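A, B, ... follow the sequence lines: proteins, then strands. Residue 1 opens every chain. Everything numeric here is computed off the predicted structure, so don't read it as measured data.
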Number of protein chains: 2
Amino acid sequence: MRKIEHIGIAVKDIAAANSLYTSLLGSPPYKMEEVVSEQVQTSFFRIGPSKIELLSSNHQDSAISKFINKKGEGLHHIAIDVEDIVREMKRLKSQGFTLLSEEPKIGADNKLICFVHPKSANGVLIELCQTIKLWSMIY
Amino acid sequence: MRKIEHIGIAVKDIAAANSLYTSLLGSPPYKMEEVVSEQVQTSFFRIGPSKIELLSSNHQDSAISKFINKKGEGLHHIAIDVEDIVREMKRLKSQGFTLLSEEPKIGADNKLICFVHPKSANGVLIELCQTIKLWSMIY
């Protein structure tokens with residue numbers, strides 16, 4: 001658990017939200033990326049060593065669409081940077097936390113990710129994420 | 001806008017949540033503090049250069065109590081560390097953001113704070129915070 005990697009915010013209109021968060025944070029998103037598997041469009045803003053990720057839905061059945069329909073726009077998840085996601089998943093499982101997948105998945109921004117169920121963490125959706133290193137894919 | 005200073009999480013039972021987040025993050029809270037003006041009890045966990053703040057209500061009329069009654073436990077606000085809170089408040093006001101106070105207030109953890117209305121920021125309650133320096137109180 002090395003740092004807050006990013007905070008995910010669910011928004012309806014990502015173009016409008018990009019403009020608003022550019023004003024708020026004082027600099028524009030450094031990256032925009034579609035995550036086809038999650039049916040979302042994302043934008044990333046740097047804030048010191050962390051990021052803010054805006055997420056909008058590309059499909060009415062996406063998790064982000066369902067979240068906004070239920071709770072409205074707003075804070076969606078926090079992502080914590082870990083050195084070894086498999087080790088952390090094992091550790092958390094052994095302590096009774098419920099994980100949303102048995103294996104890490106490939107997420108946005110070149111990460112291996114796994115979510116901890118909000119019921120395990122006082123209603124907070126927590127993402128563990130580990131940066132995929134190029135050398136680990138070559139060797 | 002220098003870094004994510006902390007993420008605030010609203011919880012019902014702070015003792016149980018302290019235990020859970022100690023397991024999750026791998027280390028216990030480094031500080032617990034009551035904020036009488038806000039009718040809340042807080043706990044702070046370090047995570048790299050940022051913190052996680054748990055907040056529970058000490059009174060049924062507190063903002064945290066109302067939040068939990070409306071939305072349930074979960075992510076409540078994000079706090080952004082700024083160098084000069086008065087300058088940032090002026091900047092945001094001039095760009096159309098709605099602030100919840102005209103002047104900075106004294107918050108938990110030795111900070112000057114000001115909240116940006118969630119309606120200004122896609123449903124996200126954003127706290128600006130500036131660390132109070134001892135020398136600024138002496139000279």
Heavy-atom closest pair (A:S23 atom, B:F97 atom, distance to 0.1 Å) is CB-CE1, 3.9 Å
Are A:I52 and B:I78 side-chain neighbours, meaning at least one heavy-atom pair lies under 4.5 Å?
-> yes
Close side-chain approach of A:K3 and B:P49, heavy atoms under 4.5 Å
yes
The interface call for B:K119 against chain A, heavy-atom contacts under 4.5 Å, is neither
Here the gap from A:L128 atom CG to B:L24 atom CG, rounded to the nearest 0.5 Å, amounts to 7.5 Å
The reported gap from CD in B:E73 to CG in A:N122 (rounded to nearest 0.5 angstrom) is 4.5 Å
Cut-off 4.5 Å, heavy atoms of chain A, and the answer for B:L75 is both
Bottom line for B:R46: the part with an atom under 4.5 Å from chain A's heavy atoms is neither
Hydrophobic cluster membership, with links at side-chain heavy-atom distances under 4.5 Å among I/L/V/M/F/W/Y: are A:M32 and A:L55 in one? no
Q: Can you establish whether the number of heavy atoms outside A:K90 located under 6.0 Å from its atom NZ is more than 12?
A: no
Applying a strict 4.5 Å limit to non-hydrogen atoms, the region of A:L25 in contact with chain B is both
If you tally heavy-atom pairs under 4.5 Å between each of A:D81, A:V11, A:I7 and chain B, the highest tally belongs to A:I7
| message | Does atom NZ (A:K93) have a neighbourhood of more than 12 heavy atoms from anything else shown, all under 6.0 Å? | response | no
Item to complete: Decide whether B:I113 and B:V116 are clustered together by the hydrophobic rule: side chain heavy atoms of Ile, Leu, Val, Met, Phe, Trp, Tyr closer than 4.5 Å, transitively.
Response: no
Original post:
Cluster question for you: counting only ILVMFWY and a side-chain heavy-atom cut-off of under 4.5 Å, with indirect links fine, are B:I68 and B:Y21 together?
Top reply: no
Note: vs chain B, highest number of non-hydrogen pairs under 4.5 angstrom among A:I47, A:I126, A:L125 is A:I47
Scanning both residues in full, the closest heavy-atom pair of B:S120 with A:L20 reads O-CD1, 3.1 Å
Does one hydrophobic cluster hold both B:V124 and A:L54, with members joined at side-chain heavy-atom distances below 4.5 Å? yes
On a heavy-atom basis, the closest approach of A:S50 and B:I4 is CB-CD1, 3.6 Å
Notebook entry, point to check: Under 4.5 Å between side-chain heavy atoms, hopping through other hydrophobics if needed: is there a path connecting B:M89 to B:M1?
Noted result: yes
How about B:I106: does its CD1 atom have over 12 heavy atoms from other parts shown lying under 6.0 Å from it? no
Turns out that what part of B:S27 lies under 4.5 Å from chain A's heavy atoms comes down to neither
